[in-house]
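Structure, as structure tokens:
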Amino acid sequence: MGIIIKPIVTEKLTAQGEKLNRYGFIVDRAANKLQIKTAVEQMYNVSVADINTINYHGKKKSRYTKTGMVTGRANHYKKAYVTLAGEDKIDFYSNI
């Protein structure tokens with residue numbers, strides 16, 4: 001499995017992509033900023049200006065069922081916000 005797991009396509013990040021040239025990705029938790037930068041540059045053929053990363057701790061979840069209370073936890077994950085340099089753009093919908 002690679003560094004980039006999947007892009008984040010939400011209304012907020014789509015607006016930031018148009019205005020600020022910023023895109024979001026869910027990445028491998030062990031990846032650092034240099035690895036993320038090279039992975040984005042190779043995958044999308046763009047030049048990266050800045051990267052911000054955020055580690056998310058998985059929330060605890062619980063629900064009541066017939067057999068009793070079931071508890072669990074959502075997965076931990078890491079987000080990377082990538083700002084592109086110049087007039088570079090990433091089109092996530094080009095290969096649909």
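What you see is a predicted model, and the numbers here were worked out from it, not measured in a lab.
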Roughly how far, to the nearest 0.5 Å, is [atom2] of [Y] from [atom1] of [X]?
{"X": "Gln35", "Y": "Ile4", "atom1": "CD", "atom2": "CD1", "answer": "11.5 Å"}
{"X": "Ile90", "Y": "Met43", "atom1": "CD1", "atom2": "CE", "answer": "10.0 Å"}
{"X": "Lys89", "Y": "Glu87", "atom1": "NZ", "atom2": "CD", "answer": "6.5 Å"}

Of Ile5, Val40, Ile36, the one forming a side chain to side chain contact (heavy atoms under 4.5 Å, CB included) with Val27 is Ile36

Test side chain to side chain contact (heavy atoms under 4.5 Å, CB included), reference Leu13, set Phe25, Tyr81, Tyr23, output is Tyr81

Nearest heavy-atom approach of Lys78 to Asp28 is CD-O, 3.7 Å

Closest heavy-atom pair, Ala39 versus Ile3, reported as atoms and distance to 0.1 Å, is CB-CB, 3.9 Å

Mind listing the side-chain donor-acceptor pairs of residues 45-63 below 3.5 Å, one per line with the distance, residues two or more places apart or on another chain?
residue	atom	partner	partner atom	Å
Ser47	OG	Asp88	OD2	2.9
His57	ND1	His76	ND1	3.3

Quiz item: Going hydrophobic residue to hydrophobic residue with side-chain gaps under 4.5 angstrom, can you get from Tyr44 over to Leu20?
Solution: no

Applying side-chain hydrogen bond (donor to acceptor under 3.5 Å, both in side chains) to Thr83 and not counting sequence neighbours gives Arg22

